[in-house]
Amino acid sequence: MSKVVGLEEAVGLVGDGSQVALCGFAITRNATAAVAAIIAAGRRRLRLVQVVGGMETDLLVGAGCVTSLVYSGGSLDRFGPLHSVNRAIASGSIEALEYSTLSLSLRLFAGSLDLPFVPTRTLLGSQLLEPLVAAGGAAVIEDPFIGHPAVALPPLRPDVAILHANLCDEDGNAVVTGPLWSIRETALAARQVVVTAERVVSAGSIDPGLVTIPGITVAAVSEVPFGGRPTAVFGEYEFEASLFEEHVAASRRGGDDLAAYLDRRIVGGWAA
Amino acid sequence: MSKVVGLEEAVGLVGDGSQVALCGFAITRNATAAVAAIIAAGRRRLRLVQVVGGMETDLLVGAGCVTSLVYSGGSLDRFGPLHSVNRAIASGSIEALEYSTLSLSLRLFAGSLDLPFVPTRTLLGSQLLEPLVAAGGAAVIEDPFIGHPAVALPPLRPDVAILHANLCDEDGNAVVTGPLWSIRETALAARQVVVTAERVVSAGSIDPGLVTIPGITVAAVSEVPFGGRPTAVFGEYEFEASLFEEHVAASRRGGDDLAAYLDRRIVGGWAA
Amino acid sequence: MLVVAAASLIQSEDVALVGLGLPQLAAQLAQRTHAPKMRMLLELGVFTPRPSGPSAGIADPRMWAGAGAFGGVLDTLGAMLHGGRITLGLLGALQVDGDGSINTTLVRDEGGRERRFNGSGGGNDVASLSQRVLVVMRHDRRKFAATLDFLTSPGQRVAGRRRGELGLSGSGTVAVVTDRAILEISPEGPVLASVHPGEDLDDVVACTPITLAMPPGGPSETPAPTTGQRNILREELDPDRWYTG
Amino acid sequence: MLVVAAASLIQSEDVALVGLGLPQLAAQLAQRTHAPKMRMLLELGVFTPRPSGPSAGIADPRMWAGAGAFGGVLDTLGAMLHGGRITLGLLGALQVDGDGSINTTLVRDEGGRERRFNGSGGGNDVASLSQRVLVVMRHDRRKFAATLDFLTSPGQRVAGRRRGELGLSGSGTVAVVTDRAILEISPEGPVLASVHPGEDLDDVVACTPITLAMPPGGPSETPAPTTGQRNILREELDPDRWYTG
């Protein structure tokens, strides 16, 4: 019954070409250990989905694992932009479909319930909208009740979501502390969920009222202390500025500098 | 800054003709003290909204405060049906619009975000659908992406929601323990929220990760220990079978028996 | 017997959304006997409870004991059910028709007067969106109807149209389990699959006023409850006989 | 000065959705001075924080200190913003046009090559749905454009169509606050409402390459920061001058 496996086996649910949803946000709660294991496994042609990109996104794109990205932008807060992501989009080496944070969260919400679509008023008037409509990622419709224009967003159901939690039990019931941005929508939209957690405990030992992601939706659990470093994990540890500066410098320069940084950190990790 | 007031003042936000959303579910977490205060204040022509009706619904309808009810049914679990509600609908003394639990929850979700509508596949093929379409409470549309039939549900935004919480701070940050059925959608859809709570504490003394309803959406808070009796309030107290039996007997008989029961309990309450 | 027969149709692999009353008992019994890995959900937001004793209904916190997680309707009826992850819906009924469509809203007497009951709750959602549905109810001729007094929850067909054409997912009702028999609902209509031990076949048929097919070789006899099943029901799950009176 | 000027336009009654960078500082300063009851929200799910020190951005947990509640994007950008409950959006910009529309996605150099930045995040949502919006940015002639390199977030008009016609709610951008001036966006277009102390009016106009109207009597001088405001900024909110360098 237990879903607890090693990290390598857990990320084995991600195959070449998988649509992978990431749950980090900028400099906080990135599943960096899981992402490093995916890079180490040599995965290719990943199609990423993430509401707001961060370090995990920049790592996967910088390591050449990614062919497309559905997101609403991202950054490393004051440390800088996602240089590898931005360069890959500008050069055409990955395809990007760009939403706003709310509209992409609503696509994932629609995916989590498999609703036919969700209509919204956001995105109207923006240049973001036209490429989304062209790609089948949005449609402009009329509200059937009062006839106003609305943007219909189709459901998005990624193959696998990767989440770094504070605490998880053997059945996959996962606890995320602090703000939740789009974590629940993302995890519940995915067909499978991989949880790395600071601490894994036996079934029945977590207060069900504290559970963020019900275990019934989780496929694999791996205990990875400091699995979010150097990003901040609320309730566990703060972000580490010097490691972000190292990342941003390598990602900005690209080429051999980025390759050397990835070689060093994908194997060695960021833990102290 | 504090939103803490007496119960009478809190339920003063409910006026004659208000659309009032209730958050109880069958025999659990009914805001019976708040409902008794609304009855005692002599409110009339209330338009109730509740995903699954329970004792609070049967009390307000039995006391003659209600002209309409939007709900998905309800009961008092093994103690019996909502006799006053069922009789009032059958006799035509109140108008009822009946959904399923999910579809009404989605209408409230649409209301909470003021989405133009939310489409679903539930309700298709049911006799529930036709009267909803006739009343403007649903429309059958085509999915703009794949052309399948869907039921569009318009947003529902009640005037006031009434919730009995375990714990609340002076700013209205409210903690509900246990399962949440449609409490969040209902409270966030309402233009104003009234919270009764077993315990009211000072601002800043509740872990923000435990808060179910953000205080920013709450208009009034009132400390009412045992404010959910005789229904079960998870983490606080169990339901009281003998008081349900008393309620069901009076509600089934109606007339003078019901009036005597209401006279006794609306003033005396159900607390031990 | 009713509860035991219903439980026998629940599989260990099932993710089951469980309605009020007899369905709760059937799910609890299956979980305690042959289907220990069966995962139960309650619409009000309870994931994988393992209740060990009796409860007054799904809204009784005793029914939530041992839950792995709490959430809301948008999680249970939303992400799990509408999201296509519920393999089995367990529902009660006031009335059922030959397509397995369910009435839980109202019955009309001969004078046309309505008597109203609990309404849909999540029943319509469960019937509309589960991969398969079991209806669990007492055997009473008034509870079988060629035309329901109110069609709350669709079965395999509604007015001759198959559920896929209507836009619904899953198979709909695959069986109606009563205290006298098990009726399978096939794409061609209801089949009297088995009658319970001690029941008279002709009398069961006479008390089932819908067009009923017979399986090749006739209905079998439903296996009798074991002592273990009886003991769990009588001593633990329903000692006061609220449901199995 | 920029942060002080932006803070001065925040009211104690505001429910403000606050973006990354300078907007955070303006909101924190207003909360610490003249608008103590102002309620701040961060898109990632933070309700009413009262951060007392510096932070590296909205995703830095130090920015969440003193929060009344945590939730998710469907609560902040959903129930609060799309639900019509946000009175003020505070946003940064790469580029802004005369309608107050915002580009945070990319800039093109003269050869047409793209340089990409952070994208929308919740910025498009905040601009689309807040009752009013303040843009807070450094004054640089390349940041004002008659035609944006990319229109991420709509202002009061897009290509001449008013936002109501487009289906958007609220007023859109009502002011652009820089380190040199405050531009109000009126329904007729941008107005140079005030220039900051020590700034040369003609030079400010020369460095603002969009058609700019003058208020009757000409632009006023923005009130200078008080010592108290300076101290809070320098000593508490941005001691390392990450933002106000």
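Each chain gets a letter, A, B and so on, in the order the sequences are listed, and its residues count up from 1.
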Counting only heavy atoms closer than 4.5 Å, note whether R62(D) contacts chain A via side chain, backbone, both or neither. side chain
Within-4.5 Å side-chain heavy-atom neighbours: S75(A) and L20(D): yes
Option that, when pairs with chain A are counted at under 4.5 Å, heavy atom only, ranks first among I58(D), L74(D), V46(D): L74(D)
Which one, T177(A), L82(A), L104(A), I89(A), leads in non-hydrogen pairs under 4.5 Å with chain D? I89(A)
Is chain A contacted by the side chain of L106(D), its backbone, both, or neither, given a heavy-atom distance below 4.5 Å? neither
Which atoms of L123(A) approach chain D - backbone, side chain, both or neither, heavy atom under 4.5 Å: both
Heavy-atom closest pair, residues P179(A) and G45(D): CB-O, 3.6 Å
Smallest separation among heavy atoms of H82(D) and T122(A), with atom names: NE2-N, 4.0 Å
Backbone of T152(D) reached by a side-chain donor or acceptor of S126(A) within 3.5 Å: yes
Taking A67(D), G122(D), G121(D), G78(D) one by one, which has the highest count of heavy-atom pairs under 4.5 Å against chain A? G121(D)
Are the side chain of N124(D) and the backbone N or O of S100(A) linked by a donor-acceptor pair below 3.5 Å? no
Flag the one option from S128(D), A56(D), S55(D) with the top tally of heavy-atom pairs under 4.5 Å to chain A. A56(D)
Please classify the contact of V73(D) with chain A as side chain, backbone, both or neither, using a heavy-atom distance under 4.5 Å. both
Testing the basics here: between L166(D) and P149(A), what is the closest heavy-atom pair and its distance to 0.1 Å? O-CG, 3.9 Å
Where on T120(A) is there a heavy atom nearer than 4.5 Å to chain D: the side chain, the backbone, both, or neither? both
Distance, nearest 0.5 Å, that separates CG of L102(A) from CG of D125(D): 4.5 Å
Engaged part of F244(A) at the chain D interface, taking heavy atoms whose separation is under 4.5 Å: neither
So for L129(D), is it side chain, backbone, both, or neither that comes closer than 4.5 Å to the heavy atoms of chain A? side chain
Relative to chain D, which segment of F25(A) carries a heavy atom at a distance below 4.5 Å: side chain, backbone, both, or neither? both
Does any backbone or side-chain atom of T104(D) lie under 4.5 Å from a heavy atom of chain A? Answer side chain, backbone, both or neither. neither
Counting only N and O atoms by type, is there a donor-acceptor contact under 3.5 Å from the side chain of H148(A) to the main-chain atoms of G167(D)? no
Check each atom of F117(D) against the heavy atoms of chain A and say whether the ones under 4.5 Å are side chain, backbone, both or neither. backbone
Mind ranking P154(D), A127(D), P61(D), G71(D) by heavy-atom pairs under 4.5 Å with chain A and telling me who comes out on top? G71(D)
How many angstroms lie between atom CZ of F70(D) and atom CZ of F234(A), to the nearest 0.5 angstrom? 4.0 Å
Does any part of the side chain of S120(D), heavy atoms only, come nearer than 4.5 Å to the side chain of L128(A), both counted from C-beta? yes
Shortest non-hydrogen contact from R121(A) toward S169(D): NH1-OG, 3.1 Å
Tightest non-hydrogen contact, residues D60(D) and D77(A), listed as N-OD2, 3.8 Å
Any chance you could measure T105(D), atom OG1, to E98(A), atom CD, to the nearest 0.5 Å? 5.5 Å
